[in-house]
Participant: 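Quick one: the structure is below, questions incoming.
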Amino acid sequence: MRIRSATLSLLALCFSAEAREAKEYDSDVNYDDAKTPHYDLPPLLVTSDGRQITTADQWHHIRRPEILSLFSNLIYGRVPKPSSPVTVEFEVARSDPEFMNSTATRKDIKIHLSNKNGRMAMHVVLFVPNKASKPVPCFLKHSFQNTTSDDFREALLRPGKLKNGWPLGKFIEQGYALCAVYHEDLVGHNEVNFRNGIHKLFYPKGQSFPKAHEWGVISACAWGAMRAMDYLEADQDIDHTRVAVMGHSKMGKTALWTAAQDTRFALAISAQSGCAGAALWRRKSGETLKKMVTRFPYWLCRNAWKFVEQEDDLPVDQHMLLACIAPRPVYVHSSTNDTWADPRGEYLSAYHAGEAYRLLGVNSSLSSRKSPAIGQAIIESHIGYHLREGGHSIEAYDWDRFLEFANFHLQPATR
Ligand code: GCU
(Lines give C-alpha, C1' and ligand atoms only; values in the text may rest on other atoms or scores of the structure.)
Protein backbone atom coordinates (compact mmCIF):
# COMPACT_ATOMS: atom_id res chain seq x y z
CA MET A 1 0.00 0.00 0.00
CA ARG A 2 2.76 2.37 0.99
CA ILE A 3 4.68 1.52 -2.18
CA ARG A 4 1.58 2.19 -4.25
CA SER A 5 1.01 5.67 -2.78
CA ALA A 6 4.73 6.49 -3.13
CA THR A 7 4.54 5.49 -6.79
CA LEU A 8 1.44 7.59 -7.24
CA SER A 9 2.95 10.69 -5.66
CA LEU A 10 6.10 10.23 -7.75
CA LEU A 11 3.93 10.06 -10.85
CA ALA A 12 2.01 13.14 -9.74
CA LEU A 13 5.30 14.94 -9.20
CA CYS A 14 6.51 14.02 -12.67
CA PHE A 15 3.30 15.22 -14.24
CA SER A 16 3.20 18.47 -12.33
CA ALA A 17 6.88 19.16 -13.04
CA GLU A 18 6.21 18.58 -16.72
CA ALA A 19 3.02 20.60 -16.61
CA ARG A 20 4.69 23.64 -15.17
CA GLU A 21 7.44 23.68 -17.78
CA ALA A 22 10.33 23.35 -15.32
CA LYS A 23 13.24 25.68 -15.93
CA GLU A 24 16.88 25.24 -15.09
CA TYR A 25 16.86 28.11 -12.62
CA ASP A 26 13.91 26.98 -10.54
CA SER A 27 15.45 24.20 -8.45
CA ASP A 28 15.10 26.18 -5.21
CA VAL A 29 11.72 27.71 -6.02
CA ASN A 30 8.56 26.96 -4.09
CA TYR A 31 5.55 25.88 -6.11
CA ASP A 32 3.68 24.25 -3.25
CA ASP A 33 0.89 26.33 -1.80
CA ALA A 34 1.10 24.40 1.47
CA LYS A 35 4.65 25.72 1.91
CA THR A 36 3.80 29.35 1.34
CA PRO A 37 5.08 31.31 4.35
CA HIS A 38 2.73 33.02 6.74
CA TYR A 39 2.59 36.70 5.87
CA ASP A 40 0.71 39.86 6.77
CA LEU A 41 0.05 42.29 3.97
CA PRO A 42 0.73 45.97 4.62
CA PRO A 43 -2.64 47.58 5.28
CA LEU A 44 -3.99 49.27 2.21
CA LEU A 45 -6.03 51.88 4.03
CA VAL A 46 -3.58 52.95 6.75
CA THR A 47 -0.86 55.50 5.98
CA SER A 48 2.80 54.90 6.82
CA ASP A 49 2.35 57.09 9.89
CA GLY A 50 -0.69 55.15 11.07
CA ARG A 51 -3.61 57.29 9.90
CA GLN A 52 -6.73 55.38 8.87
CA ILE A 53 -8.04 56.24 5.39
CA THR A 54 -11.82 56.40 5.45
CA THR A 55 -12.84 58.67 2.56
CA ALA A 56 -12.31 58.75 -1.19
CA ASP A 57 -10.75 62.16 -0.83
CA GLN A 58 -8.16 60.86 1.66
CA TRP A 59 -7.43 57.97 -0.68
CA HIS A 60 -6.86 60.21 -3.70
CA HIS A 61 -4.91 62.91 -1.89
CA ILE A 62 -3.00 61.06 0.81
CA ARG A 63 -2.77 57.28 0.52
CA ARG A 64 -2.61 56.74 -3.26
CA PRO A 65 0.19 59.32 -3.74
CA GLU A 66 2.03 57.78 -0.78
CA ILE A 67 1.75 54.27 -2.25
CA LEU A 68 2.84 55.45 -5.70
CA SER A 69 5.82 57.17 -4.16
CA LEU A 70 6.81 53.96 -2.34
CA PHE A 71 6.56 51.94 -5.56
CA SER A 72 8.59 54.60 -7.36
CA ASN A 73 11.37 54.78 -4.81
CA LEU A 74 11.58 51.15 -3.78
CA ILE A 75 10.34 48.93 -6.60
CA TYR A 76 10.25 50.29 -10.15
CA GLY A 77 12.31 53.47 -9.80
CA ARG A 78 11.40 57.10 -10.11
CA VAL A 79 11.64 58.95 -13.42
CA PRO A 80 14.00 61.82 -12.57
CA LYS A 81 13.62 65.38 -13.75
CA PRO A 82 15.58 65.51 -17.03
CA SER A 83 18.70 67.63 -17.18
CA SER A 84 17.05 69.67 -19.94
CA PRO A 85 13.40 69.52 -21.03
CA VAL A 86 12.55 66.59 -23.30
CA THR A 87 10.71 67.63 -26.46
CA VAL A 88 8.12 65.11 -27.66
CA GLU A 89 7.18 65.31 -31.37
CA PHE A 90 4.83 63.10 -33.35
CA GLU A 91 5.38 62.10 -36.96
CA VAL A 92 2.85 59.97 -38.81
CA ALA A 93 5.43 58.35 -41.07
CA ARG A 94 2.94 56.25 -43.03
CA SER A 95 -0.81 55.82 -43.19
CA ASP A 96 -2.30 52.90 -45.11
CA PRO A 97 -6.13 52.90 -45.30
CA GLU A 98 -6.12 49.59 -47.20
CA PHE A 99 -4.72 47.46 -44.43
CA MET A 100 -6.34 44.03 -43.97
CA ASN A 101 -8.55 44.23 -47.08
CA SER A 102 -9.31 47.86 -46.34
CA THR A 103 -10.97 47.06 -43.02
CA ALA A 104 -8.41 49.08 -41.09
CA THR A 105 -6.06 51.99 -41.46
CA ARG A 106 -2.55 51.26 -40.33
CA LYS A 107 -0.61 54.26 -39.10
CA ASP A 108 3.09 54.06 -38.40
CA ILE A 109 3.97 56.80 -35.98
CA LYS A 110 7.35 57.93 -34.80
CA ILE A 111 7.53 59.66 -31.47
CA HIS A 112 10.69 61.75 -31.47
CA LEU A 113 12.21 62.41 -28.06
CA SER A 114 15.03 64.89 -27.83
CA ASN A 115 16.89 67.28 -25.60
CA LYS A 116 20.43 68.60 -25.15
CA ASN A 117 21.71 65.10 -24.34
CA GLY A 118 20.56 63.57 -27.63
CA ARG A 119 17.56 62.22 -29.48
CA MET A 120 15.77 58.95 -30.01
CA ALA A 121 12.61 57.71 -31.68
CA MET A 122 9.97 55.37 -30.42
CA HIS A 123 7.82 53.52 -32.95
CA VAL A 124 4.13 53.16 -32.42
CA VAL A 125 1.82 51.32 -34.74
CA LEU A 126 -1.89 52.00 -34.69
CA PHE A 127 -4.69 50.10 -36.44
CA VAL A 128 -7.98 51.98 -36.67
CA PRO A 129 -11.19 50.25 -37.82
CA ASN A 130 -12.38 51.94 -41.02
CA LYS A 131 -16.09 51.22 -40.60
CA ALA A 132 -16.60 52.16 -36.95
CA SER A 133 -17.83 55.62 -36.12
CA LYS A 134 -15.06 57.76 -34.72
CA PRO A 135 -13.61 58.32 -32.24
CA VAL A 136 -13.09 54.66 -31.26
CA PRO A 137 -11.90 53.05 -28.02
CA CYS A 138 -8.41 51.64 -28.16
CA PHE A 139 -6.19 48.94 -26.69
CA LEU A 140 -2.63 50.09 -26.12
CA LYS A 141 -0.35 47.10 -26.00
CA HIS A 142 3.13 47.04 -24.57
CA SER A 143 4.65 44.93 -27.30
CA PHE A 144 7.48 42.40 -27.32
CA GLN A 145 7.51 42.54 -31.10
CA ASN A 146 9.42 45.11 -33.03
CA THR A 147 6.53 46.73 -34.87
CA THR A 148 8.80 47.73 -37.75
CA SER A 149 10.10 44.20 -38.30
CA ASP A 150 9.02 41.88 -41.14
CA ASP A 151 7.61 39.16 -38.93
CA PHE A 152 5.36 41.60 -37.12
CA ARG A 153 2.47 41.27 -39.58
CA GLU A 154 2.63 37.47 -39.16
CA ALA A 155 2.59 37.80 -35.42
CA LEU A 156 -0.43 40.05 -35.55
CA LEU A 157 -2.62 37.64 -37.37
CA ARG A 158 -1.84 34.41 -35.57
CA PRO A 159 -3.28 34.52 -32.07
CA GLY A 160 -1.98 31.81 -29.82
CA LYS A 161 0.57 30.54 -32.30
CA LEU A 162 3.26 33.03 -31.43
CA LYS A 163 3.92 34.12 -27.89
CA ASN A 164 2.20 37.40 -28.53
CA GLY A 165 0.07 36.90 -31.61
CA TRP A 166 -2.89 39.25 -31.71
CA PRO A 167 -6.36 38.64 -33.14
CA LEU A 168 -6.33 41.99 -34.91
CA GLY A 169 -9.41 41.13 -36.99
CA LYS A 170 -11.53 40.71 -33.86
CA PHE A 171 -10.50 44.09 -32.53
CA ILE A 172 -11.31 45.77 -35.81
CA GLU A 173 -14.68 43.97 -36.13
CA GLN A 174 -15.65 45.02 -32.63
CA GLY A 175 -14.77 48.64 -33.28
CA TYR A 176 -11.50 48.91 -31.34
CA ALA A 177 -8.28 50.48 -32.45
CA LEU A 178 -5.12 48.64 -31.49
CA CYS A 179 -1.94 50.47 -30.72
CA ALA A 180 1.43 48.83 -30.07
CA VAL A 181 4.47 50.34 -28.44
CA TYR A 182 7.70 48.45 -28.90
CA HIS A 183 9.52 48.64 -25.57
CA GLU A 184 13.06 48.07 -26.83
CA ASP A 185 12.93 51.32 -28.78
CA LEU A 186 13.22 53.00 -25.42
CA VAL A 187 15.41 50.76 -23.40
CA GLY A 188 17.53 47.65 -23.90
CA HIS A 189 17.14 44.98 -21.29
CA ASN A 190 20.73 43.96 -20.76
CA GLU A 191 23.37 45.98 -19.03
CA VAL A 192 25.10 47.16 -22.20
CA ASN A 193 22.03 48.21 -24.19
CA PHE A 194 20.36 49.55 -21.08
CA ARG A 195 22.98 52.31 -21.00
CA ASN A 196 22.00 53.55 -24.45
CA GLY A 197 18.30 53.91 -23.83
CA ILE A 198 16.01 56.74 -22.80
CA HIS A 199 17.85 57.17 -19.49
CA LYS A 200 20.69 59.03 -21.14
CA LEU A 201 18.40 61.93 -22.06
CA PHE A 202 17.72 62.45 -18.38
CA TYR A 203 21.24 62.38 -16.92
CA PRO A 204 22.91 65.50 -15.61
CA LYS A 205 26.58 65.86 -16.57
CA GLY A 206 28.67 63.06 -15.08
CA GLN A 207 25.85 60.54 -14.50
CA SER A 208 25.83 57.37 -16.59
CA PHE A 209 23.64 54.98 -14.65
CA PRO A 210 20.37 55.40 -12.70
CA LYS A 211 20.70 56.06 -8.98
CA ALA A 212 19.35 53.40 -6.61
CA HIS A 213 15.87 54.97 -6.52
CA GLU A 214 15.76 55.85 -10.22
CA TRP A 215 13.99 54.08 -13.05
CA GLY A 216 14.69 50.60 -14.27
CA VAL A 217 13.42 48.95 -17.46
CA ILE A 218 9.78 48.61 -16.37
CA SER A 219 9.51 52.26 -15.37
CA ALA A 220 11.12 53.34 -18.63
CA CYS A 221 8.63 51.29 -20.65
CA ALA A 222 5.74 52.73 -18.62
CA TRP A 223 7.03 56.23 -19.38
CA GLY A 224 7.05 55.30 -23.08
CA ALA A 225 3.42 54.15 -22.95
CA MET A 226 2.52 57.52 -21.47
CA ARG A 227 4.16 59.24 -24.45
CA ALA A 228 2.12 56.98 -26.74
CA MET A 229 -0.94 58.12 -24.80
CA ASP A 230 0.12 61.73 -25.50
CA TYR A 231 -0.07 60.82 -29.18
CA LEU A 232 -3.45 59.08 -28.84
CA GLU A 233 -4.84 62.19 -27.16
CA ALA A 234 -3.90 64.11 -30.30
CA ASP A 235 -5.31 61.59 -32.81
CA GLN A 236 -8.91 62.48 -33.73
CA ASP A 237 -9.75 58.86 -34.55
CA ILE A 238 -9.18 57.75 -30.97
CA ASP A 239 -11.41 58.28 -27.97
CA HIS A 240 -8.63 58.89 -25.48
CA THR A 241 -11.07 58.55 -22.56
CA ARG A 242 -11.47 54.87 -23.49
CA VAL A 243 -7.94 53.53 -23.78
CA ALA A 244 -7.11 50.18 -22.18
CA VAL A 245 -3.46 49.43 -21.48
CA MET A 246 -2.40 45.81 -21.61
CA GLY A 247 0.63 43.58 -21.70
CA HIS A 248 1.83 40.05 -21.22
CA SER A 249 4.37 38.84 -18.69
CA LYS A 250 7.10 41.48 -18.29
CA MET A 251 4.87 43.81 -20.28
CA GLY A 252 1.95 42.84 -18.02
CA LYS A 253 3.96 44.14 -15.07
CA THR A 254 4.56 47.29 -17.10
CA ALA A 255 0.87 47.66 -18.00
CA LEU A 256 -0.07 47.66 -14.32
CA TRP A 257 2.62 50.17 -13.40
CA THR A 258 1.56 52.38 -16.31
CA ALA A 259 -2.11 52.40 -15.33
CA ALA A 260 -1.35 52.78 -11.63
CA GLN A 261 0.47 56.04 -12.29
CA ASP A 262 -1.42 57.52 -15.22
CA THR A 263 -5.15 57.99 -14.74
CA ARG A 264 -5.61 58.75 -18.44
CA PHE A 265 -5.75 54.98 -18.99
CA ALA A 266 -9.36 53.93 -18.48
CA LEU A 267 -8.70 50.22 -17.93
CA ALA A 268 -5.75 47.85 -17.43
CA ILE A 269 -5.18 44.22 -18.39
CA SER A 270 -2.40 42.16 -16.91
CA ALA A 271 -1.78 38.85 -18.66
CA GLN A 272 0.32 36.50 -16.55
CA SER A 273 2.31 39.39 -15.10
CA GLY A 274 3.53 37.38 -12.09
CA CYS A 275 6.43 38.62 -9.99
CA ALA A 276 6.56 42.45 -9.89
CA GLY A 277 3.19 42.35 -11.64
CA ALA A 278 0.02 41.10 -10.01
CA ALA A 279 1.61 38.41 -7.79
CA LEU A 280 2.17 39.11 -4.10
CA TRP A 281 5.85 39.38 -3.10
CA ARG A 282 5.27 37.93 0.34
CA ARG A 283 4.06 34.56 -0.92
CA LYS A 284 7.53 33.83 -2.39
CA SER A 285 5.86 31.36 -4.68
CA GLY A 286 7.25 30.80 -8.17
CA GLU A 287 9.56 33.64 -9.17
CA THR A 288 10.77 35.61 -6.17
CA LEU A 289 12.34 39.03 -5.78
CA LYS A 290 15.70 37.29 -5.43
CA LYS A 291 15.28 35.42 -8.71
CA MET A 292 14.12 38.54 -10.46
CA VAL A 293 16.93 40.84 -9.40
CA THR A 294 19.58 38.17 -9.94
CA ARG A 295 18.47 37.32 -13.45
CA PHE A 296 17.24 40.77 -14.49
CA PRO A 297 19.03 43.32 -12.31
CA TYR A 298 17.71 46.36 -14.18
CA TRP A 299 14.02 45.63 -14.51
CA LEU A 300 13.39 47.19 -11.12
CA CYS A 301 15.34 49.95 -9.40
CA ARG A 302 18.37 49.02 -7.33
CA ASN A 303 16.60 49.87 -4.05
CA ALA A 304 14.49 46.76 -4.64
CA TRP A 305 17.62 44.60 -4.22
CA LYS A 306 17.66 45.51 -0.52
CA PHE A 307 14.45 43.58 0.05
CA VAL A 308 15.69 40.26 -1.29
CA GLU A 309 14.61 37.65 1.28
CA GLN A 310 13.29 40.57 3.34
CA GLU A 311 9.95 40.87 1.58
CA ASP A 312 8.14 41.29 4.89
CA ASP A 313 9.96 44.60 5.35
CA LEU A 314 8.53 46.04 2.15
CA PRO A 315 6.01 48.79 2.95
CA VAL A 316 4.04 47.69 -0.11
CA ASP A 317 2.81 44.54 -1.76
CA GLN A 318 1.34 44.15 -5.21
CA HIS A 319 -2.34 44.38 -4.20
CA MET A 320 -1.49 48.04 -3.51
CA LEU A 321 -0.33 48.49 -7.10
CA LEU A 322 -3.68 47.24 -8.38
CA ALA A 323 -5.44 49.45 -5.84
CA CYS A 324 -3.77 52.52 -7.37
CA ILE A 325 -5.76 51.81 -10.53
CA ALA A 326 -9.07 52.08 -8.63
CA PRO A 327 -11.80 52.85 -9.41
CA ARG A 328 -10.83 52.11 -13.03
CA PRO A 329 -11.42 48.49 -14.11
CA VAL A 330 -8.49 46.11 -13.95
CA TYR A 331 -8.31 42.56 -15.28
CA VAL A 332 -5.88 39.87 -14.18
CA HIS A 333 -5.26 36.72 -16.18
CA SER A 334 -3.45 33.64 -14.88
CA SER A 335 -2.91 30.10 -16.14
CA THR A 336 -2.75 26.84 -14.23
CA ASN A 337 0.70 25.76 -15.42
CA ASP A 338 2.23 29.20 -15.29
CA THR A 339 3.26 28.60 -11.70
CA TRP A 340 6.42 30.69 -12.19
CA ALA A 341 3.99 33.66 -12.20
CA ASP A 342 2.15 32.36 -9.08
CA PRO A 343 -1.47 32.27 -10.29
CA ARG A 344 -2.77 32.08 -6.73
CA GLY A 345 -0.73 35.15 -5.73
CA GLU A 346 -2.04 37.01 -8.79
CA TYR A 347 -5.60 36.24 -7.74
CA LEU A 348 -5.08 37.19 -4.09
CA SER A 349 -3.60 40.50 -5.07
CA ALA A 350 -6.67 41.27 -7.17
CA TYR A 351 -8.86 40.13 -4.30
CA HIS A 352 -7.15 42.34 -1.70
CA ALA A 353 -7.14 45.40 -3.98
CA GLY A 354 -10.94 45.31 -3.62
CA GLU A 355 -10.71 47.26 -0.36
CA ALA A 356 -9.75 50.41 -2.28
CA TYR A 357 -12.48 49.88 -4.87
CA ARG A 358 -15.09 49.53 -2.16
CA LEU A 359 -13.85 52.66 -0.41
CA LEU A 360 -14.33 54.51 -3.70
CA GLY A 361 -17.90 53.30 -3.95
CA VAL A 362 -17.28 50.63 -6.57
CA ASN A 363 -18.75 47.52 -5.08
CA SER A 364 -17.92 45.20 -7.89
CA SER A 365 -14.71 43.65 -6.66
CA LEU A 366 -13.86 39.98 -6.18
CA SER A 367 -16.11 38.58 -3.47
CA SER A 368 -14.32 35.36 -2.60
CA ARG A 369 -10.81 34.67 -1.33
CA LYS A 370 -11.05 31.40 -3.22
CA SER A 371 -9.72 31.51 -6.79
CA PRO A 372 -12.51 30.92 -9.32
CA ALA A 373 -12.68 27.63 -11.16
CA ILE A 374 -10.67 27.21 -14.34
CA GLY A 375 -12.40 28.96 -17.21
CA GLN A 376 -14.87 30.81 -14.99
CA ALA A 377 -14.14 34.38 -16.02
CA ILE A 378 -15.23 37.26 -13.81
CA ILE A 379 -16.13 40.01 -16.26
CA GLU A 380 -18.92 42.15 -14.85
CA SER A 381 -16.83 43.40 -11.97
CA HIS A 382 -14.38 46.28 -11.79
CA ILE A 383 -11.73 43.77 -10.82
CA GLY A 384 -11.94 40.98 -13.36
CA TYR A 385 -10.09 37.68 -13.44
CA HIS A 386 -9.75 34.37 -15.18
CA LEU A 387 -7.64 31.30 -14.74
CA ARG A 388 -7.03 29.31 -17.92
CA GLU A 389 -5.80 25.76 -18.22
CA GLY A 390 -2.33 25.81 -19.75
CA GLY A 391 0.95 27.66 -19.76
CA HIS A 392 2.62 31.01 -20.27
CA SER A 393 0.99 32.50 -23.37
CA ILE A 394 -2.01 34.51 -24.48
CA GLU A 395 -4.45 32.25 -26.28
CA ALA A 396 -7.58 33.06 -28.30
CA TYR A 397 -9.67 32.29 -25.19
CA ASP A 398 -7.79 34.96 -23.22
CA TRP A 399 -8.14 37.60 -25.95
CA ASP A 400 -11.87 36.95 -26.06
CA ARG A 401 -12.12 37.53 -22.31
CA PHE A 402 -10.10 40.76 -22.55
CA LEU A 403 -12.44 42.03 -25.26
CA GLU A 404 -15.47 40.97 -23.26
CA PHE A 405 -14.14 42.84 -20.22
CA ALA A 406 -13.45 45.95 -22.29
CA ASN A 407 -16.86 45.70 -23.98
CA PHE A 408 -18.53 45.58 -20.62
CA HIS A 409 -16.57 48.42 -19.03
CA LEU A 410 -15.51 50.67 -21.91
CA GLN A 411 -18.44 50.89 -24.27
CA PRO A 412 -20.21 54.23 -23.77
CA ALA A 413 -23.62 52.59 -23.42
CA THR A 414 -22.60 50.47 -20.45
CA ARG A 415 -20.43 52.93 -18.52
C1 GCU B 1 10.87 35.55 -17.29
C2 GCU B 1 10.75 36.38 -16.04
C3 GCU B 1 9.32 36.80 -15.78
C4 GCU B 1 8.75 37.48 -17.00
C5 GCU B 1 8.92 36.59 -18.21
C6 GCU B 1 8.47 37.24 -19.53
O7 GCU B 1 10.25 34.32 -17.12
O8 GCU B 1 11.27 35.61 -14.97
O9 GCU B 1 9.25 37.69 -14.68
O10 GCU B 1 7.41 37.79 -16.79
O11 GCU B 1 10.29 36.26 -18.37
O12 GCU B 1 8.52 38.45 -19.68
O13 GCU B 1 8.12 36.49 -20.42
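For clarity, every value in this text was computed on a predicted model and none was experimentally measured. These numbers come from the heavy atoms of this one structure, side chains and all, not from hydrogens, waters or symmetry mates. In each ligand, atom 1 is the first atom listed, and ligand 1 is the first ligand listed.
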Participant: Out of all atoms in ligand 1, which are within 4.0 Å of some heavy atom of Phe144? Include the element for each.
Facilitator: 12 (O)

Participant: Using heavy-atom distances only, which candidate in Glu287, Lys291, His248, Lys250 approaches atom 3 (C) of ligand 1 most closely?
Facilitator: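 The residue whose heavy atom sits nearest atom 3 (C) of ligand 1 is Glu287.
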
Participant: With respect to atom 10 (O) of ligand 1, which of Gly286, Ser249, Gly247 exhibits the smallest heavy-atom separation?
Facilitator: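 Nearest option to atom 10 (O) of ligand 1, by heavy atoms: Ser249.
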
Participant: I'd like to know if Asp398 pairs up with Arg401 as an ion pair, taking the criterion as any Lys NZ or Arg NE/NH1/NH2 lying under 4.0 Å from an Asp or Glu carboxylate oxygen.
Facilitator: no

Participant: So which pairs with a foot in residues 275-285 pass salt bridge (Lys or Arg N to Asp or Glu O under 4.0 Å), sequence neighbours left out?
Facilitator: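 For residues 275-285, and leaving out neighbouring residues, the salt bridge (Lys or Arg N to Asp or Glu O under 4.0 Å) pairs sorted by first residue read Asp33-Arg283, Arg282-Asp312, Arg282-Asp317, Arg283-Asp342, Lys284-Glu311.
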
Participant: Evaluate Lys253 for polar contact with ligand 1, using N/O atom pairs at a separation under 3.5 Å.
Facilitator: yes

Participant: Please work out whether any backbone atom (N, CA, C, O) or any side-chain heavy atom from C-beta onward of Met292 is under 4.0 Å from ligand 1, and answer side chain, backbone, both or neither.
Facilitator: side chain

Participant: Without placing hydrogens or testing angles, list every side-chain donor-acceptor pair under 3.5 Å for residues 351-362, not counting sequence neighbours.
Facilitator:
residue, atom, partner, partner atom, Å
Tyr357, OH, Arg328, O, 2.7
Arg358, NH1, Ser365, OG, 2.8

Participant: Can you tell which part of Arg295 has a heavy atom less than 4.0 Å from ligand 1: side chain, backbone, both or neither?
Facilitator: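 For Arg295, the contact with ligand 1 is made by the side chain alone.
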
Participant: Are Asp400 and Lys170 ion-paired here, with the side-chain N under 4.0 Å from a carboxylate O?
Facilitator: yes

Participant: Ring-plane angle category for Phe127 and Phe99, please: parallel below 30°, perpendicular beyond 60°, tilted otherwise.
Facilitator: tilted

Participant: Give a yes or no answer on whether the side chain of Glu346 reaches the backbone of Ser273 with a donor-acceptor pair at less than 3.5 Å.
Facilitator: yes

Participant: Which part of His392 is near ligand 1, with near meaning a heavy atom under 4.0 Å away: side chain, backbone, both or neither?
Facilitator: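 Side chain only.
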
